[in-house]
Amino acid sequence: MFPVDLKSDTVTKPSEEMRKAMYAAEVGDDVYGEDPTVNRLEEMAAALTGMEAALFLPSGTMGNLVAVLTHCGRGDGAVLGADCHILNYEGGGLAALGSVVPLVADDSSGLISPEEVRRHCRPSNVHFAPARLLCLENTHNRRGGLALSPEAVRASAEEAHRLGLSVHIDGARIFNASTAWNCSVKKYAESVDSLQFCISKGLGAPVGSLLCASGSFIDAARHWRKRLGGGLRQSGILAAAGIYALEHNIDRLREDHENAELLAHLLSEGRVIDVEHNEKPTNMVYCGVPEGTCVDLHLRCAARGVLFNGVSENRFRLVTHLDVSREQVTQAAAIILEEAAAS
Ligand code: TLP
């Protein structure tokens with residue numbers, strides 16, 4: 001039963017069946033384009049998103065970075081949400097490696113609205129870094145795992161296109177979004193130019209992301225992947241896990257959402273923790289506690305086998321995934337409430 005690891009859906013471990021698929025993978029040298037398993041995974045990703053082509057990368061961070069570097073040149077501006085993952089948790093890669101200027105927009109609703117996109121597209125003028133790219137995040141991690149609707153994404157993307165920008169979605173958890181809205185991932189992909197999704201989150205593969213876009217974009221992205229050292233050789237061993245994940249683990253994301261809903265419900269009933277409301281929740285629960293008590297609560301729960309991450313002095317995050325059962329979620333809620341009441 002314990003430990004119950006609610007730190008992230010990145011902690012999922014490959015199942016026995018997934019490991020068997022990895023063991024059996026037919027491989028070749030992917031830098032030559034000769035790994036049949038990688039090629040198959042890339043074709044599957046392109047088909048699932050309805051995009052022309054896809055590129056297998058070692059991580060979501062590299063997927064986003066390669067996308068930004070492919071869309072933008074030195075001194076170009078990328079409109080990014082203040083709370084987005086690219087800006088907060090990717091080591092400033094876009095500035096360090098691409099000299100891309102972050103144009104920081106309000107994404108407190110989870111979306112960068114069409115008005116906000118407009119605000120950051122200033123007229124052509126030597127004083128301004130020209131905005132070239134809009135990046136959206138779906139689901140939005142720091143906004144509680146909120147799933148944006150295809151219509152909301154389309155509205156901002158259309159405005160960006162009208163203003164001459166390209167649009168990228170950091171869809172690390174896009175299958176959680178499509179599950180929450182009961183739509184296909186194509187609905188998101190059809191209004192943007194590139195979309196990155198992770199197989200190493202709730203889908204349960206150990207490593208990897210897929211960047212999906214047009215054929216010519218992916219050709220250029222492949223060049224950037226190589227420059228960044230992300231051209232792997234017999235990576236079919238890893239791609240096999242991705243194929244298994246796409247074939248077996250998409251439909252079950254619903255269970256993770258139900259478990260997160262149960263967790264939120266149980267925690268709010270206890271009335272000692274402020275469970276954040278989210279209009280379209282997925283597999284995350286963000287909670288508030290009195291200022292300065294987060295670390296203590298985190299340590300006390302960890303000592304009893306309930307693991308989670310604090311995001312600030314008074315806010316923490318719980319993430320459900322395929323290695324956490326309904327019973328474990330129920331037990332975890334009871335322990336968190338006991339410890340919160342005692343602190
Ligand atoms: N997010 C991780 C941490 O880095 C915070 C997590 O535990 O949630 N985009 C989004 C929206 C993400 O949440 C993450 C990972 C990434 C990109 C990066 O993916 P990886 O970890 O594969 O580089």
Side-chain angles (χ1 to χ4, degrees), residues 5-14 41 45 55-69 78 80-94 96-97 102 107 110-112 134-148 153 168-178 180 185 188 192 194-212 224-225 228-230 232 235 238-239 241-242 245 253 256 260 278 280-286 298 307-312 315-324:
D5 196 341
L6 301 167
K7 289 200 299 294
S8 180
D9 46 10
T10 59
V11 302
T12 51
K13 298 191 179 130
L41 175 63
L55 181 67
F56 183 46
L57 298 118
S59 68
T61 299
M62 195 186 282
N64 286 332
L65 180 58
V66 163
V68 173
L69 294 176
L80 298 166
D83 258 336
C84 78
H85 195 276
I86 295 180
L87 199 59
N88 287 278
Y89 301 123
E90 299 185 7
L94 79 166
L97 297 157
D107 62 346
L111 180 74
I112 301 174
L134 167 69
C135 295
L136 299 174
E137 182 174 315
N138 197 15
T139 62
H140 196 299
N141 191 338
R142 279 166 64 102
R143 288 276 62 79
L146 173 85
L148 299 171
V153 167
H168 170 70
I169 296 184
D170 173 1
R173 299 183 181 82
I174 197 75
F175 287 97
N176 294 86
S178 65
V185 167
Y188 293 110
V192 302
S194 61
L195 181 153
Q196 177 274 127
F197 71 84
C198 294
I199 51 174
S200 64
K201 308 277 176 305
L203 296 180
V207 172
S209 281
L210 277 304
L211 176 61
C212 307
W224 270 116
R225 184 187 69 170
L228 295 172
L232 304 178
S235 41
L238 301 171
L253 290 173
D256 298 343
N278 178 336
K280 206 52 156 174
T282 54
N283 68 331
M284 294 184 183
V285 181
Y286 274 74
H298 157 85
L307 312 178
F308 56 81
N309 277 334
V311 283
S312 70
R315 191 175 184 229
F316 65 92
R317 180 186 81 162
L318 306 164
V319 187
T320 56
H321 52 77
L322 87 179
D323 289 339
V324 175

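As the structure lists them, so they are numbered: ligands from 1, and atoms in each ligand from 1. All of these numbers come straight from a predicted model, not from anything done at the bench.
Residue Asp170 touches ligand 1 through its side chain alone, judged by heavy-atom distances below 4.0 Å. At a heavy-atom cutoff of 4.0 Å, ligand 1 is contacted by the side chain of Asn64 but not by its backbone. Counting heavy atoms under 4.0 Å from ligand 1, residue Lys7 does not touch it at all. At a heavy-atom cutoff of 4.0 Å, ligand 1 is contacted by no atom of Met284, backbone or side chain. Of the heavy atoms in Glu137, only side-chain atoms (C-beta onward) come closer than 4.0 Å to ligand 1.
Annotation for ligand 1: atoms under 4.0 Å from non-hydrogen atoms of Glu90 are 17 (C). Under a 4.0 Å criterion applied to the non-hydrogen atoms of Arg317, ligand 1 contributes the atoms 6 (C), 7 (O), 8 (O). Taking every non-hydrogen atom of Thr61 and a distance limit under 4.0 Å, the qualifying atoms of ligand 1 come out as 18 (C), 19 (O), 20 (P), 23 (O). Proximity to Ala172 (heavy-atom distance under 4.0 Å) selects the following atoms of ligand 1: 9 (N), 10 (C), 11 (C), 12 (C), 17 (C). When each atom of ligand 1 is checked for a heavy atom of Arg173 under 4.0 Å away, the hits are 6 (C), 8 (O), 12 (C), 13 (O). Close approach of ligand 1 to Ser59 is summarised as follows: ligand atoms under 4.0 Å from at least one heavy atom of the residue are 22 (O), 23 (O). Atoms of ligand 1 found under 4.0 Å from any heavy atom of Ser8, numbered from 1 in the order shown, are 6 (C), 7 (O), 8 (O).
One N or O on the side chain of Thr282 and one on the backbone of Gly145 form a donor-acceptor pair closer than 3.5 Å. In this structure, Asn283 contributes its side chain and Leu253 its backbone to no donor-acceptor pair below 3.5 Å. With Tyr286 contributing its side chain and Asn141 its backbone, the two residues share a donor-acceptor pair below 3.5 Å.
Residues Val192 and Val153 meet the side-chain proximity criterion, which asks for heavy atoms closer than 4.5 Å.
Considering backbone and side-chain atoms together, Asn141 places an N or O closer than 3.5 Å to an N or O of ligand 1. Considering both main-chain and side-chain atoms, Thr139 never comes within under 3.5 Å of ligand 1 through any nitrogen or oxygen pair. Residue-to-ligand polar distances keep Ser209 apart from ligand 1: every N/O pair is separated by 3.5 Å or more. Considering backbone and side-chain N/O atoms, Cys198 never comes within less than 3.5 Å of an N/O atom of ligand 1.
Protein heavy atom at the shortest distance from atom 22 (O) of ligand 1 is Gly60 N, 2.8 Å. Summary of contacts: the protein heavy atom closest to atom 14 (C) of ligand 1 is His85 NE2, 3.1 Å. The shortest contact between atom 21 (O) of ligand 1 and any protein heavy atom is with Lys201 NZ, 3.6 Å.
Lys201 contributes atom NZ, which lies 9.0 Å from atom OG1 of Thr12 (distance to the nearest 0.5 angstrom). The CG atom of Leu69 sits 10.5 Å away from atom CE of Met62, with the distance rounded to the nearest 0.5 Å. Going from atom OH of Tyr188 over to atom CG of Leu195 covers 10.5 Å, rounded to the nearest 0.5 Å. Taken to the nearest 0.5 Å, the OG1 atom of Thr61 stands 11.5 Å off from the CG atom of Leu228. Here Asp170 contributes atom CG and Glu90 contributes atom CD; the two are 6.0 Å apart, rounded to the nearest 0.5 Å.
Gln196 and His168 share no donor-acceptor pair across their side chains, judged by distance under 3.5 Å alone.
For Phe316, the ring-ring contact (aromatic ring centres under 6.0 Å, His included) criterion is met by Phe308, not counting sequence neighbours.
Under 4.0 Å is where a charged nitrogen must lie from a carboxylate oxygen, and between Asp107 and Arg143 no such pair does.
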